[in-house]
Amino acid sequence: MKRSILVLALAVFSFVSVSAQRSLGVRPTESGGPLKFEQAVYDVQSYNVAVKADPATRSISGTTVMTANIVIPTNVILLDLDTPYTVTAVTDGKTPLKYERKGGTIEIWFPFTKQAGESVTTSVTYSGTPRIAPNPPWVGGFMWEKTPSGADWISVALQHDGADLLFPVKDHPSDKAKRVEMELTVPDPLIAVGPGKFVRSKKNSDNTTTYYWLMTNPISNYSIVFNAAPYKKVEDSVKSITGEKIPMVFYVLPEDESKAAGLIAETKKYNAFYEKYLGPYPFRSQKLGIVETPHLGMEHSTAIAYGNKFKYNEDGTDWLMLHEFGHEWWANLVTASDWRDFWIHEGFQSYMDTLYTGELHGKEAYIKAMKGRAKATRNMQAIAPREPKITYQVYMVAPDYLKSDGDIYGKGAVVLHTLRYLIGDDAFFRALHRMAYPTKEMERLTDGRQTRLVTTDDFVTIAEQESGMDLDWFFELYVRQPKLPKLVTETTSTGLSLRWETPNNMPFPMPIDVVIDDKTTRVEMKDGKGSIETGGKTAEIDPDGWVLKAQ
Ligand SMILES: [Zn+2]
């Protein structure tokens with residue numbers, strides 16, 4: 001028993017070291033931030049991304065057709081496309097449109113002002129040598145790698161940099177296309193894998209094959225990517241909590257084909273865990289996809305990038321797969337509408353990672369792992385600032401943004417852990433479930449209406465409704481500003497007096513456990529102050545570390 005806890009602690013530590021602060025040496029390009037007027041005027045409906053990738057020259061060429069609805073009258077819209085690409089044509093599908101390439105953007109003009117409610121089509125043809133990912137998946141771009149047997153292995157990861165590293169896109173998290181087609185042309189014998197369902201492939205005369213993929217649920221830009229290798233396709237299925245059969249498919253390198261079944265079996269366990277706490281796997285109408293990648297991993301919807309090399313923890317868990325797959329709920333079903341709320345992806349998912357530790361090894365293991373996370377918090381910047389942010393402002397550390405911050409992961413998880421203590425298990429787990437699916441009806445939907453864009457305030461509302469408590473003070477202190485509260489204790493003639501010291505004297509009526517003679521008392525802290533009689537005995541304050549506080 002002792003040994004397994006030690007091993008578990010090591011596993012947890014290695015996870016923390018991956019998610020906590022790390023030097024990346026280079027910062028991502030800008031993605032998201034304040035929405036520009038020429039982006040706000042339209043609502044993307046679909047992208048058709050046709051790309052031909054040539055590993056020999058490490059270049060691509062392609063055409064992206066976007067359809068969008070105009071929401072504010074305009075005669076100009078803006079798309080982002082990374083600077084290495086040259087644009088050769090922009091049309092409305094038939095007729096050329098006037099455009100101007102300015103740095104990493106394309107301004108496109110319509111001959112007449114488009115009115116609200118009108119739909120528009122833009123078709124952009126481009127080519128070039130894409131940015132090579134300096135430190136994927138954190139600082140992204142293309143990877144032109146080789147499999148162990150020397151075949152080409154193409155991969156794309158660009159969450160922090162934006163999908164403009166691959167195709168012309170409205171580079172903002174608030175706009176998810178409802179339908180995405182990818183037409184991926186790669187040299188034989190590579191197989192290109194994209195999001196959604198495989199439609200067909202077509203052999204071309206130049207020793208290439210085009211693979212057609214169709215995603216008919218809303219999808220974040222950074223999931224509109226592909227991987228290509230001489231993959232083997234390993235298929236299975238898993239029964240959802242809804243009774244529906246979810247198709248599973250793992251595109252694995254031939255060298256690793258024998259290992260695919262093991263990861264699929266693990267993933268089925270993770271699916272049961274997530275469905276139990278959060279509701280059904282959201283993309284049952286598409287697939288549950290896994291693709292082996294040369295980088296560590298990313299939550300690409302319905303085509304999870306897996307690069308953990310089948311390295312299981314001592315207890316058999318693949319922490320990377322557990323984490324990335326959970327993002328199908330926290331990132332792909334429920335998506336932050338601005339990167340300022342990135343913690344809804346990473347903090348909520350990190351909470352699930354540790355909850356799974358508890359699911360396997362009991363509450364003691366969960367408590368221990370949360371203590372580790374609490375120790376690793378940096379508390380230098382708010383995890384949910386109110387202003388619009390580009391990705392690296394939230395993920396990385398000022399002033400140069402060359403290191404990851406880690407707090408949107410670990411601190412985010414511990415904030416939820418503390419909320420659980422405050423409002424109790426019943427209200428907390430109801431709130432978590434409702435943040436994933438606000439209603440039972442939404443759990444039954446598979447046509448895309450189950451997905452939604454959210455903010456931190458949505459979760460505050462849900463947690464308040466489920467607990468019947470006012471929780472503004474809780475979130476103001478823990479997520480809207482960086483500093484932690486400090487618990488100040490004094491011995492009095494009868495026992496202990498306790499009070500919270502907070503930045504700018506923010507209100508913080510957070511109760512705290514005090515243990516005397518193995519008896520735990522929850523000391524209420526109305527107005528941030530409380531006291532307990534100790535009878536001269538030793539008192540232990542919050543020994544389980546439920547409340548995140550300055551150490
Ligand atoms: Zn993550």
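Note that ligands are numbered from 1 as they come in the structure, with each ligand's atoms numbered from 1 the same way.
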Margin query: Check this for me: does any side-chain nitrogen of one of Lys287 and Glu328 sit under 4.0 Å from a carboxylate oxygen of the other?
Written below: no
Next item on the list: Kindly give the atom name of the N, O or S atom of His327 closest to the Zn ion (ligand 1).
Entry: NE2
Notebook entry, point to check: Quick check: does His345 have an N/O/S atom under 2.8 Å of the Zn ion (ligand 1)?
Noted result: no
Next item on the list: Angle at the Zn ion (ligand 1): provide the value between OE1 of Glu346 and NE2 of His323, rounding to 10 degrees.
Entry: 100°
Check: Would you call Val193 and Trp213 a side-chain contact if the rule is heavy atoms closer than 4.5 Å?
Finding: yes
Margin query: Could you check whether Lys170 pairs with Asp80 (Lys NZ or Arg NE/NH1/NH2 to Asp/Glu carboxylate O, under 4.0 Å)?
Written below: no
Margin query: Any carboxylate oxygen within less than 4.0 angstrom of a Lys/Arg side-chain nitrogen, looking at Lys389 and Asp341?
Written below: no
